[in-house]
Amino acid sequence: MWSLTSRGRNEINEIEQLSGESSHFSLSTGILPSLGVRSNRRVKLKRFIVSPYNHEYRIWEAFLVVLVVYTAWVSPFEFGFLRKPRPPLSITDNIVNGLFAIDIIMTFFVAYLDKSSYLLVDDQKLIAFKYLRSWFFLDLISTIPSEVAMKISSQSYGLFNMLRLWRLRRVGALFARLEKDRKFDYFWVRCAKLICVTLFAVHCAACFYYLMAARNHDPAKTWIGASNENFLEESLGIRYVTSMYWSITTLTTVGYGDLHPVNTKEMIFDIFYMLFNLGLIAYLIGNMTNLVVHGTSRTRNFRDTIQAASNFASRNHLPPRLQDQMLAHLCLKYRTDSEGLQQQETLDALPKAIRSSVSHFLFYSLMDKVYMFRGVSNDFLFQLVSELKAEYFPPKEDVILQNEAPTDFYILVKGTAVIKFTNPFTAVKEVKAGDIVGEIGVLCYRPQLFTVRTKRLCQLLRMNRTTFLNIIQTNVGDGTIIMNNLLQQYLKEMNEPLMANVLLETENMLAQGKLDLPINLSFATMREDELLLHQLLKRGFDPNESDNNGRTPLHISASKGSLNCVLLLLDYHADPNCRDAEGNIPLWEAMMEGHDKVVKILLEHGAFIEAGDVGHFACTAAEQSNLKLIKEIVLHGGDVTLPRGTCTSALHAAVCEGNIEMVKYLLEQGADVNKHDMHGWTARDLAEQQGHDDIKVLFQEKGRERAHIESSASVPILKTGIRNLRRFSSEPNIHPPSNEVSFRITETRPKWKTNNFNNSLFGILASQSVHKNGLATLDEGRVVNPVRVTLSCVEKDEVAGTLLLLPRSFKELLELGSNKFGILAAKVMSKDNNNAEIDDVDVIRDGDHLIFATDSNHS
């Protein structure tokens, strides 16, 4: 398992240094933060693992380069001029070898950079495996002491010394870093590298050529012996200088003069050496020219750009801080465009679909947390992240300037920045990852209100204003949510005079229609802005427009209790019975929130509860244990026994909640305890399964009562001696034998009101009349059905009128008859049932003709 990290400890130290008071903005070392925030990379490396960009480790590497320079000189020298170790070189060699042995051990704990992913690998097993299969054995052999090599073989002393030249690879890495460091002049770095390569070649050739003369069987017949037969008796310094003289003259093709090859071996060596020189010079000149012109063209352009910027700043006498900002930004731009990153170029080169997928993976989780985009659709965010541009800003650089044109806004991914307000007051606010800056100017059509300056290296996502507004034009609902988040959740919550003025001005512009943002009616109703709502309606906006969930402005206004907004929408012919995706209607929204005035207005404009999913409403109220809401549904004509889409009824929900009062009421309304839900459970089964003993007893009593009612109501017998076997008054009567005792069994089953009447215009008007007169009230958990009756009196033989609503109790019915006819009414009879006496209002049907009489006038 790979363990990856996005930056080393050195980068953290470097960024902290750059965020301080120093004016140095060099970013030539370290790893840039990776794009996005979705990553499993840790900020810190594993324990005992060292980052290759660690400051202390870089000092150690620089010290080793000095030792490599020493090795590059002494190894060929000992190979050519010494036959055995001689102090002080031997002592120094052993010390140097010991230091490189320490470096070998340390390398097993240094993370390495994976070239494919450009990430640091800090898994110790992977580090060891990579090192063992690359440079470990050569590094190990090159650290063998010279004394050990002499014991192995008398001829192995010089060979082991030559193996140490493997360490020269560190010098190449050093020059590669120096070439990109703007603290060093590029030209002189390249010249120094060329000089080092030339001197090393001359030094090695001199040592090898002297070795041929010193090991020859006849020293006098050698290139150096021809001019000095006793050269072996000369000092070591003179012999070395003589060899270097010959090597340089041969390399530069000046000619041989006094030093020239004598024997055949020397001639052969000279031939190959001059051929080597020819190739070396051609290689150095040709390749260096090619690398400078082509391979380092980007670096050269960078250096030219830096030089031009420096000259421009000096010529125009720019302040030092502004000069540092210019150079730091150019350096950071070079780093993001080079070193194999080319992040934005890579994204731009991809097809639109792949680029959108990559951006979605990198930035979606961050965008979803930004306050301005809370509540927007996934489609909108997917479109938005595809247009974001990732940019890096060095420390102390201005991202936004106060009063500049609002062309872009930025979202901070990593780093820290500071917002500075000036005029009429000064305040400082720190911006962290996930915050957004510049959005007020973009959305409110005004210059930027503040200056944003980075404190440390920052990665930001830039969104162009034109592109952003184009996306909003195709997602009007999401644009409404964004504006509401800005005005309601941000500007209002900031206790600052400047933001309060911005909020006021923006609201005025919205109300006057001066903003080109795709504001809709839902936005105005969410903010309860009556003026803006009126302006939009006058412009011809559809009052019944709906969002993705089917919610209309009337739904929103009703749920918020905005009476004036509701009246405005109804005046512009908004549908009071419109349903959303869940079956909710504005009337139910107002009932849920307890906005009685809005409920009354909706009823007056033709709203009725049956237009929505009444079963869903009843279940919701039961789940909330809200008996008052259940009664209100019944009051407005809703059937609370209906199930919702899952076949679950309000009775099921009430049993699950253990609400016995609600269960009693639902049973009074005719709820069926044996009705199954989608899982096959009945209300009786749920009470048994959940152990609601009181509800089980209630179900048993209700079952016995219903059985008794059905048996007693099957054959009603009237006191007049007529057995009534009919169900309707139009059926014939059957008279019993003359000796049969006359008696009457009243039917106590509650009568159902006719739905056709309630849904008719006349029924609605009658219902409203009941509400105004206060007759339709709740009485001990029972709602009185609006039953119409005709009243008359035996004594006065007159009819008081039709369509009078039945009072809620029998006592009130007697009082009503007494007041109407001016008598002391003691009995009530049904004319449609052969003057059968009535003693309970529950047996009276809709449309019955009632006769009032005293005890003396009863017949």
Side-chain angles (χ1 to χ4, degrees), residues 6-7 11-27 30 32-37 43 319 321-322 324-333 335-336 343-344 362-363 365-367 369-373 388-423 425-444 446-465 468 486 490-491 493-494 496 498-499 502:
S6 61
R7 63 181 66 167
E11 185 197 11
I12 297 175
N13 295 335
E14 181 182 9
I15 293 176
E16 291 175 352
Q17 179 184 0
L18 295 178
S19 61
E21 298 299 329
S22 174
S23 61
H24 179 58
F25 291 89
S26 176
L27 293 171
L32 288 173
S34 59
L35 287 175
V37 295
V43 175
R321 189 189 66 81
L322 193 55
D324 290 337
Q325 283 190 348
M326 291 174 54
L327 298 179
H329 184 81
L330 292 175
C331 291
L332 189 58
K333 185 177 185 302
R335 290 207 55 215
T336 55
Q343 293 163 160
Q344 194 58 49
L362 292 173
F363 307 128
S365 60
L366 174 70
M367 298 292 292
K369 298 177 182 177
V370 176
Y371 86 89
M372 200 169 71
F373 305 120
L388 294 172
K389 305 295 183 184
E391 294 183 356
Y392 291 98
F393 286 83
K396 295 186 178 181
E397 180 171 351
D398 293 332
V399 180
I400 296 175
L401 288 177
Q402 186 178 7
N403 295 324
E404 74 174 358
T407 57
D408 305 279
F409 65 84
Y410 299 85
I411 300 170
L412 191 63
V413 180
K414 292 181 181 178
T416 308
V418 173
I419 293 179
K420 292 188 176 181
F421 297 92
T422 56
N423 296 329
F425 63 97
T426 300
V428 177
K429 176 184 176 183
E430 190 171 81
V431 181
K432 298 181 180 179
D435 291 338
I436 184 172
V437 292
E439 78 283 10
I440 298 177
V442 169
L443 292 178
C444 298
R446 57 184 304 137
Q448 296 292 357
L449 301 176
F450 42 74
T451 296
V452 179
R453 181 174 300 168
T454 60
K455 290 182 63 178
R456 53 186 300 180
L457 177 65
C458 293
Q459 180 189 150
L460 297 99
L461 300 177
R462 178 175 58 86
M463 169 56 68
N464 180 262
R465 176 179 177 274
F468 179 69
L486 174 66
Y490 184 71
L491 294 182
E493 292 179 359
M494 294 186 66
E496 297 177 357
L498 179 60
M499 293 305 173
V502 173

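Side chains are part of it too, since the values below use all heavy atoms of this structure and drop only hydrogens, waters and symmetry mates. We number each residue from 1, following the sequence as shown. Because the structure is a prediction, the values reported are computed rather than measured.
In this structure, the side chain to side chain contact (heavy atoms under 4.5 Å, CB included) partners of L460, at least two apart in sequence or on a different chain, are F393, V399, Y410, L412, C458. Every residue two or more places apart in sequence or in another chain that forms a side chain to side chain contact (heavy atoms under 4.5 Å, CB included) with M463 is listed here: L384, E387, L388, F409, T467, F468. With sequence neighbours excluded, no residue forms a side chain to side chain donor-acceptor pair (under 3.5 Å) with Q448. Here R453 pairs with D398 under the side chain to side chain donor-acceptor pair (under 3.5 Å) rule; sequence neighbours left out.
Summarising the geometry, atom CG belonging to L461 is positioned 11.5 Å from atom NZ belonging to K389; distances are rounded to the nearest 0.5 Å. Between the CZ atom of R465 and the CG atom of D408 there is a distance of 10.5 Å, given to the nearest 0.5 Å. Separating the CE atom in M372 from the CD atom in E439 is a distance of 6.0 Å, to the nearest 0.5 Å. Atom NZ in K369 sits 13.5 Å away from atom CD1 in I411 (nearest 0.5 Å). Between the CG atom of L457 and the CD atom of E397 there is a distance of 10.5 Å, given to the nearest 0.5 Å.
When every heavy atom of G434 is checked against every heavy atom of L366, the shortest pair comes out as CA-CD1, 3.7 Å. A pairwise comparison of heavy atoms in F450 and G438 identifies CZ-N, 4.1 Å as the closest pair. Contact detail for T454 and P394: the closest heavy-atom pair is OG1-O, 2.6 Å.
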